[in-house]
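Worksheet: one structure, shown below.
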Amino acid sequence: MEKIYQIAIDGPAGSGKSTIAKALAKELGIDYIDTGAMYRAFGYKIREKGIDMHDPAQLDALLCSTEIDFDRGKTLLDGSDVSSVIRTPEISMLASDCSAIAEVRKKLVALQQAMGESKSVVMDGRDIGTVVFPKAKYKFFLTASSEERAKRRFAELTAKGEKTTFEQVLEEMNQRDHNDTTRKVTPLRRADDALEVDTTKMSIEEVTEFIISKITEEN
Ligand code: DC
């Protein structure tokens with residue numbers, strides 16, 4: 001296998017990207033970078049500072065004064081651990097909204113490229129195989145039915161004690177899918193050379209094993 005390589009995992013919310021990407025990184029002994037967490041952290045900061053994300057001057061000032069990083073699985077926003085506070089439905093929507101703004105994407109994509117060029121990584125998101133690492137050696141596009149994806153997200157949220165209903169999660173997920181696939185700047189789409197994996201009826205172990213078999217098959 002090459003010394004430095006990238007594995008791109010893209011797909012819609014709830015398709016299993018982060019669970020699979022984490023398992024792959026562990027199995028292969030390389031770093032995992034959750035790019036969704038970076039949009040979430042920035043969305044969180046927008047709310048904390050009460051800025052109008054559609055005002056270019058306010059947005060620019062915020063982008064220039066924001067640092068996002070990872071440390072042992074934790075998401076750091078300006079040095080503070082925000083890993084748990086960025087997982088709420090409200091921040092999901094703010095992340096989706098701010099990710100549609102070209103300036104936000106420009107800054108976060110540059111950061112992601114810097115994080116993944118000097119070491120091997122598994123990176124998950126919406127545009128990894130198309131924009132961030134179009135030359136990634138391995139590209140996968142995970143999908144699942146919207147009901148199955150909402151079921152997974154609902155289980156995740158209720159396990160954390162969030163008060164919500166399946167219908168509400170499904171509606172929010174459909175709204176976010178619509179945002180992410182119809183935005184003008186790099187909407188979610190499968191890279192032409194990415195392998196699509198429908199995870200609707202597969203367990204985490206099955207998807208991980210399948211992807212590992214594809215990676216090792218190529219070496
Ligand atoms: O993967 P996630 O649900 O944590 O992502 C949160 C939002 O961030 C998602 O609705 C779209 C946006 N996003 C993006 O536009 N590009 C990425 N590479 C990752 C996430």
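First listed ligand is number 1; within each ligand, the first listed atom is number 1. Any value given below was found using the heavy atoms of this structure, including those in side chains, with hydrogens, waters and symmetry copies removed.
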Pairing donors with acceptors under 3.5 angstrom, does anything connect the side chains of [X] and [Y]?
{"X": "Arg176", "Y": "Ser99", "value": "no"}
{"X": "Ser96", "Y": "Asn179", "value": "yes"}
{"X": "Arg189", "Y": "Thr130", "value": "no"}

May I ask you to decide whether Asp10 forms a salt bridge with Arg126, counting only side-chain N to carboxylate O separations under 4.0 Å?
-> no
Quick check: does any side chain N or O of Lys107 sit under 3.5 Å from a backbone N or O of Leu63, one acting as donor and the other as acceptor?
-> yes
I'd like the atom pairs linking ligand 1 to the protein - N or O on both sides, separation under 3.5 Å - with distances to 0.1 Å.
{"from": "ligand 1", "atom 1": "1 (O)", "to": "Arg126", "atom 2": "NH1", "distance (Å)": "2.9"}
{"from": "ligand 1", "atom 1": "3 (O)", "to": "Arg40", "atom 2": "NH2", "distance (Å)": "3.1"}
{"from": "ligand 1", "atom 1": "3 (O)", "to": "Arg126", "atom 2": "NH2", "distance (Å)": "3.4"}
{"from": "ligand 1", "atom 1": "3 (O)", "to": "Arg176", "atom 2": "NH1", "distance (Å)": "3.1"}
{"from": "ligand 1", "atom 1": "4 (O)", "to": "Arg40", "atom 2": "NE", "distance (Å)": "2.7"}
{"from": "ligand 1", "atom 1": "4 (O)", "to": "Arg40", "atom 2": "NH2", "distance (Å)": "3.3"}
{"from": "ligand 1", "atom 1": "10 (O)", "to": "Arg176", "atom 2": "NH1", "distance (Å)": "2.8"}
{"from": "ligand 1", "atom 1": "10 (O)", "to": "Asp180", "atom 2": "OD1", "distance (Å)": "3.4"}
{"from": "ligand 1", "atom 1": "10 (O)", "to": "Asp180", "atom 2": "OD2", "distance (Å)": "2.8"}
{"from": "ligand 1", "atom 1": "15 (O)", "to": "Ser99", "atom 2": "OG", "distance (Å)": "3.3"}
{"from": "ligand 1", "atom 1": "15 (O)", "to": "Arg105", "atom 2": "NH1", "distance (Å)": "2.8"}
{"from": "ligand 1", "atom 1": "15 (O)", "to": "Arg105", "atom 2": "NH2", "distance (Å)": "3.4"}
{"from": "ligand 1", "atom 1": "15 (O)", "to": "Arg183", "atom 2": "NH1", "distance (Å)": "2.9"}
{"from": "ligand 1", "atom 1": "15 (O)", "to": "Arg183", "atom 2": "NH2", "distance (Å)": "3.3"}
{"from": "ligand 1", "atom 1": "16 (N)", "to": "Arg105", "atom 2": "NH2", "distance (Å)": "3.0"}
{"from": "ligand 1", "atom 1": "18 (N)", "to": "Thr35", "atom 2": "OG1", "distance (Å)": "3.0"}
{"from": "ligand 1", "atom 1": "18 (N)", "to": "Arg126", "atom 2": "N", "distance (Å)": "3.1"}
{"from": "ligand 1", "atom 1": "18 (N)", "to": "Asp127", "atom 2": "OD1", "distance (Å)": "2.8"}

Looking at Arg149 and Pro12, what are the two nearest heavy atoms and their distance?
-> NH1-CB, 3.4 Å
